[in-house]
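These notes concern the structure reproduced below.
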Amino acid sequence: MANTAELTVDGKSYSFPTLEGTEHEKAFDISNLRDQTGYVTLDRGYKNTGATKSAITFLDGELGILQYRGYSIEDLAAKASFLEVAYLLIYGELPTQEEFSKFEDGIRRHTLVNEDMRKIFNGFPVNAHPMGVLSSLVSAMSTFYPDSQEEKTDLDLHIVRLLAKLPTIATWSYKRSLGHPTNYPKNNLDYIPNFLNMMFSLPVEDYKVDPVVAEALNVLLILHADHEQNCSTSTVRLVGSSQANIYSSISSGISALWGPLHGGANQEVIEMLEDIKADGGDVSKYVEMAKNAKTTGFRLFGFGHRVYKNFDPRAKIIKKAADDVLTKLGVNDPILEIAKGLEEAALNDDYFVSRKLYPNVDFYSGIIYRALGIPTNMFTVMFAIGRLPGWIAQWKEMREQKEPIGRPRQIYTGATLREFVPIEKR
Ligand code: CMC
């Protein structure tokens with residue numbers, strides 16, 4: 001007989017079914033809880049709430065395991081291309097050569113962005129944060145492709161457009177911040193070289209893509225490609241659950257990613273490491289400040305994770321990649337040593353050990369981005385380019401599963417019914 005969970009409340013007993021995922025994670029199915037008992041659950045930050053069933057990404061935070069569609073992150077980072085991983089996440093299987101060529105060709109042919117989007121872009125302040133620009137322009141895409149809001153739309157075409165155009169739009173902010181002309185995509189280049197060319201080529205001189213840089217970026221994008229029901233992905237699913245189109249839903253995900261507790265942490269990490277360097281490089285002072293987070297308000301950015309209570313497997317790969325890339329490129333970045341010192345100090349400190357706070361994906365990624373020449377305020381944009389296939393896959397799954405509209409409950413703690421008092425009597 002299947003397991004059931006028994007709940008006794010107000011002297012009455014209720015049974016709820018339990019369920020088990022393919023990797024043996026267990027849940028109580030409380031879909032009928034309120035109907036049966038009159039109670040709701042309170043779970044701030046959804047720390048214990050499974051909002052959906054999903055077949056895309058599995059992670060075990062205690063064991064430090066991450067898999068996309070059953071493939072380990074270590075295997076994919078070592079052997080796959082970012083677009084192969086994108087296909088895997090979105091369509092469920094690794095593509096055959098024929099499927100991949102069709103997918104890649106489609107993306108190649110849709111990299112150009114409507115010139116009217118530039119008019120919107122030109123309206124932003126010169127120093128606008130690239131994440132605000134990215135979120136706004138992806139939302140604006142819904143107005144250029146209004147059929148995306150229709151039920152019977154060509155979703156595969158919108159998927160290709162998003163994957164193709166996001167890197168193009170992303171490079172505009174960087175070029176404008178330098179006062180340089182933006183570059184058009186070159187469709188004879190592969191996905192990552194095309195992005196690098198738009199970022200770094202100038203009309204006055206040739207730019208040759210360094211394969212070390214392209215490979216490092218390939219790994220970083222794969223590591224960011226999905227992470228199950230995190231804040232931005234849940235946002236994408238929640239917005240999409242109202243049947244909003246895919247562009248608007250993903251634009252909301254980009255906004256959610258921007259925050260420093262989520263993807264924005266990669267920018268904060270580098271700024272923190274720079275501050276430590278400018279302050280003489282004494283990591284212990286910053287470890288102490290983080291231990292007193294409640295009074296100092298300071299957290300070690302790039303440390304801790306809602307789900308990982310062990311090493312983030314992505315951080316392990318990135319730490320090694322940071323060493324390799326900096327060596328291959330001949331870059332000597334003093335903040336790499338500061339980062340390693342900070343990690344060592346934290347991992348030997350009982351505050352971090354007892355709370356299971358380990359370096360996360362954002363801790364070393366910025367050091368690589370910096371070595372590749374990507375400016376700090378573009379780091380979270382890089383995360384967004386990487387996460388895009390995951391958001392798309394999760395949005396598509398949510399629609400295919402016909403998820404009900406997301407609408408949590410609350411425990412109301414405000415005033416009880418009272419009478420309106422006219423303004424002159426208040
Ligand atoms: N530095 C110092 N103390 C910390 C940190 C940190 N980075 N992270 C958590 N703590 C402490 C926190 O003060 C609390 O202590 P206490 O039990 O004494 O109150 C305890 O650890 C648990 O913290 P929490 O905020 O309840 O943990 P959470 O699971 O809700 O938060 C987190 C996870 C990622 C928001 C948090 O660890 C954090 O703020 N880290 C820094 C920001 C960061 O690096 N974010 C990137 C996350 S990975 C990339 C992504 O997917 O977005």
Side-chain angles (χ1 to χ4, degrees), residues 77 82 129-131 134 167 170-171 173-174 177 192 195-196 199-200 210 212-225 227 230 232 254 257-279 281 283 286-287 290 298-305 308 311-346 357-387:
F82 174 63
H129 195 287
M131 283 298 277
L134 193 68
T171 63
S173 297
Y174 173 57
S177 72
I192 290 175
F195 169 75
L196 289 168
M199 279 289 281
F200 298 119
D210 182 336
V212 173
V213 173
E215 180 45 35
L217 211 48
N218 184 54
V219 171
L220 283 170
L221 295 182
I222 290 174
L223 296 179
H224 285 91
H227 214 228
N230 55 83
S232 57
I254 294 170
L257 186 74
W258 190 1
L261 298 188
H262 193 6
N266 58 13
Q267 175 173 343
E268 300 285 339
V269 169
I270 293 293
E271 288 168 0
M272 174 185 77
L273 294 172
E274 280 293 351
D275 285 349
I276 299 177
K277 186 174 141 232
D279 199 12
V283 294
Y286 287 81
V287 168
F298 174 78
R299 285 191 165 203
L300 275 193
F301 282 98
F303 261 79
H305 198 276
Y308 291 120
F311 270 97
D312 178 339
R314 303 168 299 173
K316 278 194 199 166
I317 299 172
I318 292 183
K319 184 179 179 185
K320 186 173 174 308
D323 268 329
D324 290 353
V325 170
L326 267 63
T327 308
K328 281 189 197 155
L329 295 177
V331 173
N332 180 15
D333 190 338
I335 68 164
L336 178 60
E337 286 317 308
I338 293 179
K340 286 182 181 172
L342 191 60
E343 177 184 347
E344 200 188 331
L357 300 171
Y358 293 87
N360 60 46
V361 69
D362 290 325
F363 193 63
Y364 286 104
S365 63
I367 294 176
I368 304 184
Y369 289 137
R370 217 156 97 122
L372 306 188
I374 294 167
T376 316
N377 70 354
M378 286 286 290
F379 289 179
T380 317
V381 170
M382 300 309 300
F383 194 148
I385 295 175
R387 182 55 54 88

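Values below: every heavy atom of this structure, side chains too, minus hydrogens, waters and symmetry copies.
Between atom CE of residue Met272 and atom CZ of residue Phe363 there is a gap of 5.5 Å, rounded to the nearest 0.5 Å. Put simply, CD1 on Ile335 and NZ on Lys340 are 12.5 Å apart, with the number rounded to the nearest 0.5 Å. Note that the CG atom of Leu134 and the CE atom of Met378 stand 8.5 Å from one another [nearest 0.5 Å]. For the atom pair OG (Ser173) and CG (Asn377), the distance works out to 8.0 Å, reported to the nearest 0.5 Å. Expressed to the nearest 0.5 Å, how far CZ of Arg314 lies from CD1 of Ile222 amounts to 13.5 Å. Between Ile254 atom CD1 and Arg387 atom CZ the span is 12.0 Å, to the nearest 0.5 Å.
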Legend entry - Residue pair Leu336, Asp323: steps toward the side chain to side chain contact (heavy atoms under 4.5 Å, CB included) verdict: CA-CA 8 Å; Leu336 178 60; Asp323 268 329; 3.6 Å; yes
Legend entry - Phe195 and Leu217: CA distance, side-chain angles, deciding distance, side chain to side chain contact (heavy atoms under 4.5 Å, CB included) verdict: CA-CA 10 Å; Phe195 169 75; Leu217 211 48; 3.9 Å; yes
Inset, instruction - Would you check, one step at a time, whether the test side chain to side chain donor-acceptor pair (under 3.5 Å) holds for Tyr286 with Asp279? - result: CA-CA 10 Å; Tyr286 287 81; Asp279 199 12; 2.8 Å; yes
Inset, instruction - Go through His129 and Gln267 one step at a time and tell me if the side chain to side chain contact (heavy atoms under 4.5 Å, CB included) criterion holds. - result: CA-CA 12 Å; His129 195 287; Gln267 175 173 343; 3.1 Å; yes
Inset, instruction - Please step through side chain to side chain contact (heavy atoms under 4.5 Å, CB included) for the pair Ile270 and Ile367, ending with a clear verdict. - result: CA-CA 7 Å; Ile270 293 293; Ile367 294 176; 3.9 Å; yes
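Put simply, the side chain of His305 never gets that close to the backbone of Asp312: no donor and acceptor are under 3.5 Å apart. No donor-acceptor pair closer than 3.5 Å links the side chain of Asn266 to the backbone N or O of Asp362.
Remark: Asp324 does not engage Lys328 in a salt bridge, criterion side-chain N to carboxylate O under 4.0 Å. For the pair Asp333 and Lys277, the salt-bridge criterion is not met [side-chain N within less than 4.0 Å of a carboxylate O].
With a 4.5 Å cut-off on side-chain heavy atoms, Tyr369 and Leu220 count as touching. Contact of the Pro130 side chain with the Met382 side chain is not registered, since no non-hydrogen atoms from C-beta on lie closer than 4.5 Å. In this structure, the side chains of Thr376 and Glu274 stay at 4.5 Å or more apart for every pair of heavy atoms. Between Ser232 and Trp258 the shortest side-chain heavy-atom distance does not fall below 4.5 Å. Between Lys319 and Phe311 the shortest side-chain heavy-atom distance does not fall below 4.5 Å. Counting heavy atoms from C-beta on, the side chains of Leu357 and Leu300 never come closer than 4.5 Å. No side-chain heavy atom of Phe200 sits under 4.5 Å from any side-chain heavy atom of Thr171. By the 4.5 Å heavy-atom criterion applied to side chains, Ile374 and Tyr174 are not counted as neighbours.
For Glu271, the CD atom sits in a packed shell: over 12 heavy atoms of surrounding residues, nucleotides or ligands are nearer than 6.0 Å.
When every heavy atom of Val219 is checked against every heavy atom of Ala77, the shortest pair comes out as CG2-O, 3.7 Å. Considering all non-hydrogen atoms of both residues, Val325 and Ala216 come closest at CG2-CB, 3.6 Å. When all heavy atoms of Pro167 and Ile385 are compared, the closest pair comes out as CA-CD1, 4.2 Å. Contact detail for Phe303 and Glu343: the closest heavy-atom pair is CZ-CA, 3.9 Å. Across Val287 and Ala346, no two heavy atoms sit closer than the pair CG2-N, 4.4 Å. Summarising the geometry of Phe82 relative to Ala225, their closest heavy-atom pair is CE1-CB, 4.3 Å, with the distance given to 0.1 Å.
Ring orientation note: the planes of Tyr308 and His227 are tilted relative to one another, at an angle of 30° to 60°.
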